[in-house]
Amino acid sequence: MSFLDSEHMEAFGASKAVGASNVLMVGLTLIQGAGAKGAVCMDGTLPGYHWHRGYGSGANSWLIQLEGGGWCNNVRTCVYRKTSRHGSSAYMEKEIAFTGILSDKAEYNPDFYNWNRIKLRYCDGASFTGDSENQAAQLQFRGQRIWLAAMEEFMSKGMRSAKQALLSGCSAGGLASILHCDEFRGLFSGNTKVKCLSDAGMFLDAADVSGGRTLRNYFGGVVGSQGLKNTLPRVCTDHLDPTSCFFPQNLVANIQTPLFILNTAYDSWQIQSSLAPPSADPSGYWHDCRLNHSKCSPAQIQFLQGFRNEMLNAINRFSLSKQNGLFINSCFAHCQTERQDTWFADNSPVIGNKAIAQAVGDWYFDRTSVKAIDCPYPCDKSCHHLVFRTA
């Protein structure tokens, strides 16, 4: 089964609203001490990150952004991944653009522009969880060790004395920020303000258009082939099977640390890879709709409204907690924090006139409570919908 790699969606239009010459490029740093700890990418290379130092009022504040980029669910897909930037630091770009929540300009990133901003690269295949190997296939599944080695590195570089910290991530990185949220808070003393943000990480355990469970079966492969059962949150695995504990709907209500869930109600990745993948749609009835929402029939839109309702039900208990934040906009998109045009620009998506950057900032700094849930499609005219060309 071919799964759409979410990296295509993350990369889409990353610097749209910023002139290319204006974009901050940040170099890759490998974690030199990681090899001795067995904290390695799938092919045994060292993990890496990009760090732009904070300054002024942000010098003691830290934002850790966990990179996304799908998963692998069996030996074949993991061996393939090993020769990509999501399985080996040998293939990673030597520098990347910092836009959106990573931007260093106040006009593009009003609340976090002068923080220490780090993008931790993703090269393990299971959202920074897992601690096993497949010797026959020469595959290392060391996401948990990479997480620990990276946190140790950042603590030694000054994060230990942070006054404020935010763990964030988009897509598979958004799931990782949920899985590691309480662990992240546990690194700091009680004097540090610590919160977490998950962007496009609410992958739902939903039925596909044929009534099957495409994503549950896929996640079952990720959990089984990479041996995740011992590294997933105990508070969940104590009463549910390991695959269920890779789904955020079974995790978010039990997280103790303040968490902000940012997600589109019609997540493009989930429509294409979980709800209406070609494997669940052999006749091609969903082919046009899955690539372009404006081609969906009324019956297809009705099915997608059902998915939105599942999303709202999944976060219902979570949303009752005062400390948590929500921004569920009715757009066909995926990952909105790292793209400048969706994070903070003149025409960014809004709910009630508030852009995503403002909503996240208001929640992080306790300026106001943020529980923003959009009306159902097609009422929101501020969306930046993703439309995919037919292959």
Side-chain angles (χ1 to χ4, degrees), residues 2-14 16-17 68 70 100 170-171 174 199-212 214-215 218 261-315 326-343 345 347-352 355-356 372-391:
S2 128
F3 254 63
L4 184 78
D5 194 335
S6 57
E7 74 191 63
H8 298 310
M9 300 200 183
E10 288 159 46
F12 181 85
K16 241 185 187 171
C170 113
S171 193
D199 175 13
M202 273 304 286
F203 297 97
L204 294 190
D205 188 2
D208 61 39
V209 294
S210 71
T214 296
L215 191 55
Y218 184 84
I261 291 177
L262 162 64
N263 228 97
T264 55
Y266 314 97
D267 185 285
S268 302
W269 188 91
Q270 291 187 70
I271 291 171
Q272 295 189 29
S273 297
S274 168
L275 300 181
S279 56
D281 179 40
S283 69
Y285 170 65
W286 279 84
H287 178 271
D288 291 353
C289 168
R290 69 193 281 273
L291 297 173
N292 183 350
H293 64 279
S294 67
K295 304 269 174 73
C296 298
S297 69
Q300 287 171 323
I301 291 292
Q302 197 175 343
F303 180 87
L304 297 175
Q305 300 295 16
F307 177 73
R308 173 180 176 270
N309 291 336
E310 278 188 72
M311 175 82 69
L312 298 184
N313 288 338
I315 55 175
L326 270 183
F327 193 102
I328 309 292
N329 52 338
S330 292
C331 306
F332 290 78
H334 182 73
C335 283
Q336 301 179 97
T337 53
E338 287 182 60
R339 284 178 49 180
Q340 193 59 56
D341 65 306
T342 47
W343 174 247
N347 65 341
S348 311
V350 291
I351 299 179
I356 293 165
I373 297 177
D374 218 346
C375 45
Y377 175 83
C379 68
D380 188 336
K381 301 295 179 256
S382 71
C383 285
H384 291 204
H385 298 299
L386 295 187
V387 174
F388 298 85
R389 283 186 296 281
T390 326

Do [X] side-chain atoms and [Y] backbone N/O form a donor-acceptor pair below 3.5 Å?
X      : Y      : answer
Ser382 : Pro349 : no
His384 : Asn347 : yes
Ser330 : Cys375 : yes
Asn329 : Val350 : no
Asp199 : Thr337 : yes

Any non-hydrogen side-chain atom of Tyr266 less than 4.5 Å from a side-chain atom of His293?
no
Side-chain contact test, heavy atoms from C-beta onward, threshold under 4.5 Å: evaluate it for Asp281 versus Ser283 and give yes or no.
yes
Pairwise distance [atom1]([X]) to [atom2]([Y]) - rounded to 0.5 angstrom:
X      : Y      : atom1 : atom2 : result
Cys335 : Trp269 : SG    : CH2   : 11.0 Å
Cys331 : Gln336 : SG    : CD    : 6.0 Å
Ile261 : Met202 : CD1   : CE    : 5.0 Å
Leu215 : Leu275 : CG    : CG    : 9.0 Å
Arg308 : Phe303 : CZ    : CZ    : 15.5 Å
Leu326 : Ile315 : CG    : CD1   : 4.5 Å

In terms of relative ring orientation, are Tyr377 and Phe332 parallel, tilted or perpendicular, with 30° and 60° separating the classes?
perpendicular
Please walk me through it: do Ser297 and Tyr285 pass side chain to side chain contact (heavy atoms under 4.5 Å, CB included)?
CA-CA 10 Å; Ser297 69; Tyr285 170 65; 3.4 Å; yes
